[in-house]
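Since the structure comes first, as structure tokens, the remarks are kept for the end.
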Amino acid sequence: MADRWVLAPAEGGGVDVAALGPDGLLAGPVLREADLVRAVRERPDVTRWVWRSTAEVYPRLLAAGLRVERCYDVEDAETLLLGHEGRHGEPRSAAAALARLRGGPVPPDPAHRSAAPGAQSSLFEPGSVQSVPVPLADLAEVYAEQQRRHGRAEHPERMRLLTGAESAGMLVAAEMNHAGLPWSADVHRAVLHELLGERYAGGGEPRRLAELADEVSAAFGRRVRPDLPADVIKAFAQAGIRVKSTRRWELQSLDHPAVRPLVEYKKLYRIWVAHGWSWLQDWVREGRFRPEFMAHGTVTGRWVTNGGGALQIPKVIRRAVVADPGWRLVVADADQMEPRVLAAISRDPGLMEVAGRASDLYQAVSERAFSGDREQAKLAVLGAVYGQTSGDGLKNLAALRRRFPRAVAYVDEAARAGEEGRLVRTWLGRTCPPAAGAGDEGTEEAGIPVGGDEEGGDGRQWVPGYASSNARARGRFARNFVVQGSAADWTLLLLAALRRTCAGLAAELVFFQHDEVIVHCPEEETEAVVAAIREAADLAGRLTFGDTPVRFPFTTAVVECYADAK
DNA sequence: GGCCGAGGCGCC
DNA sequence: AAAGGGCGCCTCGGCC
């Protein structure tokens with residue numbers, strides 16, 4: 001039996017399946033099956049299912065208790081391939097890919113929808129491209145053409161790795177959505193009560209917030225709404241203090257009795273509105289928080305979640321993430337992921353040598369370039385990655401450049417390419433749109449017209465030899481993109497490898513946040529899971545970046561409560 | 001009523 | 001003169 005099969009939902013509720021040959025074309029008859037789940041269950045030897053959209057098919061398989069080994073998501077691959085080819089804006093649906101292949105009119109993509117609170121994974125939306133059926137033979141044609149397009153990529157093998165890894169990521173995301181994050185509503189309520197005090201009838205502010213608001217008003221000598229920035233700025237002005245904003249870092253530099261209760265209010269207010277009682281009501285069911293993870297969320301390849309703010313859970317609220325009885329959470333955090341990735345992609349000898357050890361990377365960098373000052377070393381590295389151009393950043397960057405010239409040159413070159421509107425790619429070939437990181441050309445930025453090129457068209461003072469602010473924003477974006485995006489490439493491989501190991505266990509991947517993964521497993525599996533994470537990290541490092549000395553160590557904690565991991 | 005940008009802040 | 005990247009999501013206020 002061929003290892004690759006293609007699958008397409010058919011009109012009338014059934015599904016078509018067929019075996020694929022090495023060229024990606026049909027290698028057998030198209031078989032009509034009445035039931036999707038049975039069609040997959042009866043073919044356990046299939047090692048990779050090719051389908052149009054993981055989100056369309058896989059939740060239904062999971063709901064029936066079925067998992068697949070691998071998949072290939074045609075529409076996700078289409079997005080990555082279009083980007084690699086410098087055609088970011090073009091419609092990405094399988095129907096659009098087919099139309100391009102055949103030279104017909106290309107249908108536009110549907111507008112994206114967001115999930116309602118607590119909604120299960122979405123399937124079909126009437127009128128969207130998702131509901132326009134693409135016959136199986138046509139889908140296979142698109143797939144075969146995509147295989148040929150991989151061959152024309154800058155690095156074909158890396159591109160194949162990228163689309164395969166992102167498809168694996170989509171399986172992981174669907175499985176996480178299915179599993180949910182263990183969540184104790186009782187603990188959450190206890191934390192809220194401890195921080196915010198009693199709730200008053202009518203849905204107004206809880207006791208602690210009301211008290212802090214009174215303290216703020218008392219400090220100003222008049223009624224002030226601490227949740228309204230304009231009101232706060234006016235109150236400070238009346239007290240003879242000019243502030244440009246009410247951001248915490250700006251407030252904290254002021255000497256005024258309102259500052260302490262104001263900062264405390266803003267912190268608790270945030271928890272109340274974003275992760276308070278109504279959040280609990282909306283997002284937690286039967287002991288699980290179910291956000292919708294999406295493995296294809298951002299330009300850089302980082303994931304996003306839809307609903308529930310799952311990637312922004314405040315540290316104090318993590319006390320509510322509690323393993324089931326007899327189970328544990330294995331919380332694994334990649335150590336200094338971004339500089340290690342920078343070492344791997346730049347091949348800077350000094351940085352690779354430092355990143356070849358599991359010990360604290362920033363400490364080692366500081367000993368080579370910053371007289372042992374770890375904080376300065378960390379700021380310098382992050383400044384290089386984020387494009388910091390002021391203050392101590394410049395001085396630190398110079399020190400970094402002396403000792404790690406290739407690493408700094410790598411991100412500098414990415415920034416230059418971004419400013420000049422050239423394509424910038426991650427290590428595996430994910431490609432940044434040429435205009436990303438700035439507003440659309442021709443629109444306005446901060447009320448000032450933005451020019452369409454680097455000729456200083458933003459109306460501000462033009463310095464010869466330097467790019468416009470719009471172009472510089474693109475440069476910063478591109479500089480960060482190569483590191484953040486290549487890190488995302490690596491984490492996809494990591495998740496894919498970890499998923500394969502966990503497939504033989506009861507363990508479930510339940511959470512992923514850029515450089516951190518949580519596995520929920522029976523107590524007796526924790527040792528195996530910890531080992532699996534280490535092995536997956538090594539494997540992902542070799543597969544993604546090839547032969548380098550760079551290592552990717554993890555800090556792992558086996559806990560019953562997420563908050564105890566830090 | 002809904003939509004959108006700004007201000008702000010949570011996480012990485 | 002200086003200007004740090006990516007997200008989601010809350011509020012308000014302006015707008016249709």
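First the proteins, then the strands, lettered A, B, ... as listed; each starts at 1.
Straight-line distance from the CZ atom of A:Phe293 to the P atom of C:dC7: 17 Å, rounded to whole Å. For A:Lys244 and B:dG8, the NZ to P distance is 11 Å, given to the nearest whole Å. One interatomic measurement links the two molecules: CG of A:Leu262 to C1' of B:dC9, which rounds to 14 Å at whole-angstrom precision. Atom P of nucleotide C:dT11 and atom CG of A:Leu209 are separated by 13 Å, given to the nearest angstrom. Across the protein-nucleic acid pair, A:Ile271 atom CD1 and B:dG8 atom C1' stand 15 Å apart, rounded to whole Å. A:Glu205 places its CD atom 12 Å from the P atom of C:dT11, with the value rounded to the nearest Å. Atom C1' of nucleotide C:dC7 and atom CZ of A:Phe512 are separated by 13 Å, given to the nearest angstrom. With rounding to whole Å, A:Leu382 atom CG is found 10 Å from C:dG5 atom C1'.
Donor-acceptor pairing under 3.5 Å is lacking for the side chains of A:Ser53 and A:Glu75. A:Ser366 and A:Asp373 share no donor-acceptor pair across their side chains, judged by distance under 3.5 Å alone.
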Check nucleotides 10-12 of chain B against the protein and report each pair of N or O atoms closer than 3.5 Å, with its distance, or say if there are none.
from, atom 1, to, atom 2, distance (Å)
B:dG10, OP1, A:Arg248, NH1, 3.1
B:dG10, OP2, A:Arg248, NH1, 3.2
B:dG10, OP2, A:Arg248, NH2, 2.7
B:dG10, O4', A:Arg270, NE, 3.3
B:dG10, N2, A:Gln312, NE2, 3.1
B:dC11, OP1, A:Lys315, N, 3.3
B:dC11, O3', A:Arg318, NH2, 3.0
B:dC12, O3', A:Asp515, OD1, 2.5
B:dC12, O3', A:Asp515, OD2, 2.9
B:dC12, O2, A:Arg302, NH1, 2.8
B:dC12, O2, A:Arg302, NH2, 3.2

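No engagement by A:Phe481 is indicated, since no non-hydrogen atom pair under 4.0 Å with the nucleic acid exists. Contacts of A:Leu228 with the nucleic acid, taken as non-hydrogen atoms under 4.0 Å apart, involve only primed sugar atoms and P, OP1 or OP2.
A salt bridge is absent between A:Asp109 and A:Arg92; no separation between the charged side-chain nitrogens and carboxylate oxygens falls under 4.0 Å. Salt-bridge formation is detected for the pair A:Arg208/A:Glu211: a Lys NZ or Arg NE/NH1/NH2 atom is positioned less than 4.0 Å from an Asp or Glu carboxylate oxygen. Look at A:Asp231 and A:Arg222 and you find a salt bridge, because one of the NZ, NE, NH1 or NH2 atoms lies within 4.0 Å of a carboxylate O, short of that distance.
The nucleotide whose nearest atom lies closest to any side-chain atom of A:Arg225 is, among C:dC12, B:dG7, C:dG5, C:dC12.
When A:Arg319, A:Arg189, A:Arg207 are each tested for a salt bridge (charged side-chain N to carboxylate O under 4.0 Å, His left out) with A:Glu194, only one passes: A:Arg319.
One N or O on the side chain of A:Glu250 and one on the backbone of A:Ser245 form a donor-acceptor pair closer than 3.5 Å.
Between A:Arg476 and C:dG4, a side-chain N or O to OP1/OP2 separation shorter than 4.0 Å is absent. In terms of phosphate contacts, A:Ser245 brings no side-chain nitrogen or oxygen within less than 4.0 Å of OP1 or OP2 of B:dG7.
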